[in-house]
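Report on one structure; see the data block that follows.
Each chain gets a letter, A, B and so on, in the order its sequence line appears, and its residues count up from 1.
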Number of protein chains: 2
Amino acid sequence: MKDVAQHAGVSTATVSRVLNGHAAPTPETRERVLAAIEELGYRRNALARSLRTTSTQTLGLVISDLLNPFFAEIARAVEDEARSQGYCVVIGNADENTEQEATYVRTLLDRRVDGLLLCPATDDPGLVREVSAGGVPLVLLDRTVRGATCPVVRADGSEALTALARRLVGAGHTRIGVIAGPPNTSTGRERTDVLTGSLGGLAQVVHGDFRQGSGSQAAARLLDDGVTALIAMDNLMGLGALGEIRARALQIPHDIAFAVFDDQPWFPLLDPPITVIAQPTVEMGRAAARSLLALIDGRQPDDVRLTAKLVLRGSLGEAEL
Amino acid sequence: MKDVAQHAGVSTATVSRVLNGHAAPTPETRERVLAAIEELGYRRNALARSLRTTSTQTLGLVISDLLNPFFAEIARAVEDEARSQGYCVVIGNADENTEQEATYVRTLLDRRVDGLLLCPATDDPGLVREVSAGGVPLVLLDRTVRGATCPVVRADGSEALTALARRLVGAGHTRIGVIAGPPNTSTGRERTDVLTGSLGGLAQVVHGDFRQGSGSQAAARLLDDGVTALIAMDNLMGLGALGEIRARALQIPHDIAFAVFDDQPWFPLLDPPITVIAQPTVEMGRAAARSLLALIDGRQPDDVRLTAKLVLRGSLGEAEL
DNA sequence: AGGCCGTAGTTAATCGATTACACATGGATG
DNA sequence: CATCCATGTGTAATCGATTAACTACGGCCT
């Protein structure tokens, strides 16, 4: 910057003013400065700027698993919204691992992100407290924690799940396998509670960890137990379950009715296409980013609760008639 | 930091020494400092540190499309490797868009990443030159640009593609539809050249843009033209093509032979399972991160060329006998 | 003419770290 | 006993920006 100033025959203060679009500089000086910048190929050091202004124009996003397309879509949406407001997003991948999650959150705080979006790996409020204590704006996304005091953005699947339950019961299923998420995550617990609640005593629950492997194992257990319907509580466990179903050469829906929480572009391509509960991922991501930016802005955004929708495609068989 | 120093009755220099594990401080002073840090909940400002040391311990990764699982896997691998060496990764999503790509690259440079991994959207060397001119370590990943002078990490599909071509020809296919990537990307061009080359005059090529929509459109065109085999040059276009095939109620492999470049976890679940050319995504990501770290370290890593493998699963029909 | 004001630009303090250099202390050496 | 060195710590310059406070200049009013 000193070089630019010298080159243009002004002081660094003037260069800074030009760069920040302040009122002061004459159009003529402005020109000279811009020319010097151009000529020297100068780019301002964002680190120094941030140090001085205590604003990085950066949001942190810590998600549970980058390989899960659900989170990838969310990340994408967050990024879009943030960029449109001049913010940049740093993504941290916690891998459904509490320790890695904490490490990432701390790294992001150390780098002074202006705000943090977190999809907590568990419902333990420890980490959230730590962030709040540091006074950094925080919004929870998809999942919440016990006694959360910050804004939360999530999808509500209750309606869709009860509708699904009603159909299964109506079609005469009496042994319904539920591949549930981890009970120490809000989404894992809530979805399962709603579904088993509406199924009365017909549900058989096995807990997985929101990953493919646990999906196949859970499916194997439940199929051994003789269930006639299988519901996976997220797309990765659904993928695992489908693998197990295929390995046993079972026909959907004839041998087994099947549905998944989370939609994926390839679900309609299966035969039959898979019935799902679709979450509005893009809207979730955008809403979360907006809430966080509002918070950074000093406003106090409300919680956002979007609704997930049951999409019937055929994998439930007669339950869809 | 001043507070910590005061609290421990030492100078900031000593605090800094403790923090950086320098030899100097007495075990006893060290203890006092650590206690003060603990008590005050002090966390050091990474911005200030980076400003002074001119090292951010951060790698930039600009990928073409976060929603493409191929890139998501790569990102994941890069991140793993980087973290294991104490580096953090900032991901930028270019969305197969040159302008957004340039914006992201510049943002990352402004934030003084220690090195940059780039999956270039086109083979235009402009942006690469700009980065090199700035003296920032750069490694290209998956794709290269014309006249690249920096290390490149990619997968070589030539062998797999010729093997695939041989099988198609051997099975008697005479009209083979190729859903190609954009000709201004190295992967788009090279894959297509190899395949059409080994197919003699039997190939019919339609160019897509590595996204789902273009895959369905290209498939529609080619199917209208009466091809008996369809090869998609990446997984998203493959997804689109499958949609079109399904919409027309065509049977694979009876009505149409089908294969895709890129593997995906759900390909084995289709009926029949889809034959693919699988790229070693994880190894690519790790290798790229390693190369970049070597470059940052002042070493001069070689280009890395891994091989993609043909995985036969049944969607080619008799071509697989 | 003298006082006042607005404008364009400069000087220098500051953000929070790192680190070269200076300094003090104490034990070993000639 | 003076000298020297090793060791642990403090002082202050520095990284590259922003910005409050100040100066210089010219015109306007009375």
Side-chain angles (χ1 to χ4, degrees), chain A residues 1-37 40-58 86 88 106-114 134-136, chain B residues 1-37 40-58 86 88 106-114 134-136:
Chain A
M1 192 155 149
K2 230 184 292 179
D3 295 347
V4 172
Q6 214 152 26
H7 216 80
V10 298
S11 76
T12 61
T14 303
V15 176
S16 177
R17 291 207 185 91
V18 170
L19 247 35
N20 294 307
H22 278 241
T26 297
E28 190 235 341
T29 355
R30 161 180 245 85
E31 274 319 308
R32 275 217 317 285
V33 171
L34 290 177
I37 288 177
L40 298 176
Y42 164 80
R43 309 231 79 214
R44 90 148 148 289
N45 186 322
L47 258 39
R49 180 179 157 81
S50 295
L51 176 60
R52 187 62 240 249
T53 60
T54 64
S55 139
T56 51
Q57 297 290 306
T58 302
C88 180
R106 297 203 186 100
T107 307
L108 292 173
L109 293 184
D110 285 355
R111 307 200 170 196
R112 299 300 192 262
V113 292
D114 292 343
V136 177
Chain B
M1 190 155 149
K2 230 185 292 181
D3 294 348
V4 173
Q6 213 152 26
H7 216 81
V10 298
S11 76
T12 61
T14 301
V15 176
S16 176
R17 291 201 188 96
V18 170
L19 246 36
N20 294 306
H22 278 242
T26 295
E28 189 234 340
T29 355
R30 160 179 247 85
E31 274 319 309
R32 275 219 316 285
V33 170
L34 290 176
I37 287 178
L40 298 177
Y42 164 81
R43 308 230 79 212
R44 92 147 145 306
N45 185 324
L47 257 38
R49 180 179 158 81
S50 295
L51 177 60
R52 187 63 240 250
T53 60
T54 64
S55 139
T56 50
Q57 297 289 308
T58 302
C88 178
R106 297 203 186 100
T107 308
L108 293 173
L109 294 183
D110 285 355
R111 307 199 171 200
R112 297 302 191 265
V113 291
D114 292 342
V136 177

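Rounding to whole angstrom units, CE of residue B:Met1 and P of D:dG10 are separated by 12 Å. Rounded to an integer number of Å, the gap from A:Lys2 NZ to D:dA17 C1' is 11 Å. Whole-Å rounding puts the A:Arg111 CZ to C:dA17 P distance at 15 Å. Rounding to whole angstrom units, CG of residue B:Asn20 and C1' of D:dT9 are separated by 16 Å. Per the geometry, CZ belonging to B:Arg43 stands 12 Å off P belonging to C:dA17, to the nearest Å. When rounded to the nearest whole Å, the span between CD of B:Gln6 and C1' of C:dG16 equals 15 Å. For the pair B:Arg30 CZ and D:dT9 P, the interatomic distance rounds to 10 Å; values are reported in whole Å. Atom C1' of nucleotide D:dT18 and atom CG of B:Leu47 are separated by 14 Å, given to the nearest angstrom.
Under the 3.5 Å distance criterion, the side-chain polar atoms of B:Thr14 are left unmatched by any main-chain donor or acceptor of B:Val10.
One finds the OH atom of A:Tyr42 at 5.5 Å from the CG atom of A:Leu19 (value rounded to the nearest 0.5 Å). Within the model, atoms CG of A:Asp3 and CD1 of A:Ile37 stand 12.0 Å from one another, a figure rounded to the nearest 0.5 Å. Rounding to the nearest 0.5 angstrom, the gap separating the CE atom in A:Met1 from the CG atom in A:Leu40 is 13.0 Å. One distance of note links CD of A:Gln57 with OG1 of B:Thr107; it measures 11.5 Å at 0.5 Å rounding.
Looking at residues two or more places apart in sequence or on another chain, you find a salt bridge (charged side-chain N to carboxylate O under 4.0 Å, His left out) between A:Asp110 and B:Arg43. By the side-chain contact (heavy atoms from CB on, under 4.5 Å) test, B:Leu47 is found to be paired with A:Ser50, A:Thr56, A:Arg112, B:Asn45, residues two or more places apart in sequence or in another chain being considered. For B:Thr54, the side-chain contact (heavy atoms from CB on, under 4.5 Å) criterion is met by no residue, not counting sequence neighbours. Considering only residues two or more places apart in sequence or on other chains, A:Arg17 meets the side chain to side chain donor-acceptor pair (under 3.5 Å) condition with none of them. In this view, A:Ser16 and A:Asn20 satisfy the side chain to side chain donor-acceptor pair (under 3.5 Å) rule, not counting sequence neighbours. Here A:Val113 pairs with A:Thr58, A:Leu108, A:Leu116 under the side-chain contact (heavy atoms from CB on, under 4.5 Å) rule; sequence neighbours left out.
For the residue pair B:Thr12 and B:Ala5, the shortest heavy atom distance occurs at N-CB, 3.7 Å.
One finds no side-chain N or O of A:Asn45 lying less than 4.0 angstrom from the OP1 or OP2 phosphate oxygen of D:dC15. Look at A:Arg112 and you won't find any side-chain N or O under 4.0 angstrom from OP1 or OP2 of C:dC15.
Where the helix from C:dA1-D:dT30 to C:dG30-D:dC1 starts and where it ends, the local axes point in directions that differ by 70°; five pairs per end, rounded to 10°.
Comparing A:Ala46 and B:Pro27, the nucleotide of DNA chain D nearest to each residue sits closer to the 5' end for B:Pro27.
Of the residues in residues 48-57 of chain A, those lying under 4.0 Å from DNA chain D by heavy-atom distance are A:Ala48, A:Arg49, A:Leu51, A:Arg52, A:Thr53.
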Interface polar pairs with nucleotides 22-26 of chain D, N/O, under 3.5 angstrom:
none

Would you tabulate the nitrogen or oxygen pairs shorter than 3.5 Å linking the protein to nucleotides 26-28 of chain C?
none

Detail all sub-3.5 Å separations between protein N/O atoms and N/O atoms belonging to nucleotides 9-12 of chain C.
residue : atom : partner : partner atom : Å
C:dG9   : OP1  : A:Thr29 : OG1          : 2.7
C:dG9   : OP2  : A:Thr26 : N            : 3.2
C:dG9   : OP2  : A:Thr29 : OG1          : 3.2
C:dT10  : OP1  : A:Ser11 : N            : 3.3
C:dT10  : OP2  : A:Ser11 : N            : 2.8
C:dT10  : OP2  : A:Ser11 : OG           : 2.9
C:dT10  : OP2  : A:Thr14 : OG1          : 2.7
C:dT10  : O4   : A:Arg17 : NH1          : 3.4
C:dT10  : O4   : A:Arg17 : NH2          : 2.6

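Within the structure, every pair that satisfies the side chain to side chain donor-acceptor pair (under 3.5 Å) test and touches residues 21-31 of chain B, not counting sequence neighbours, is listed here: B:Glu28-B:Arg32.
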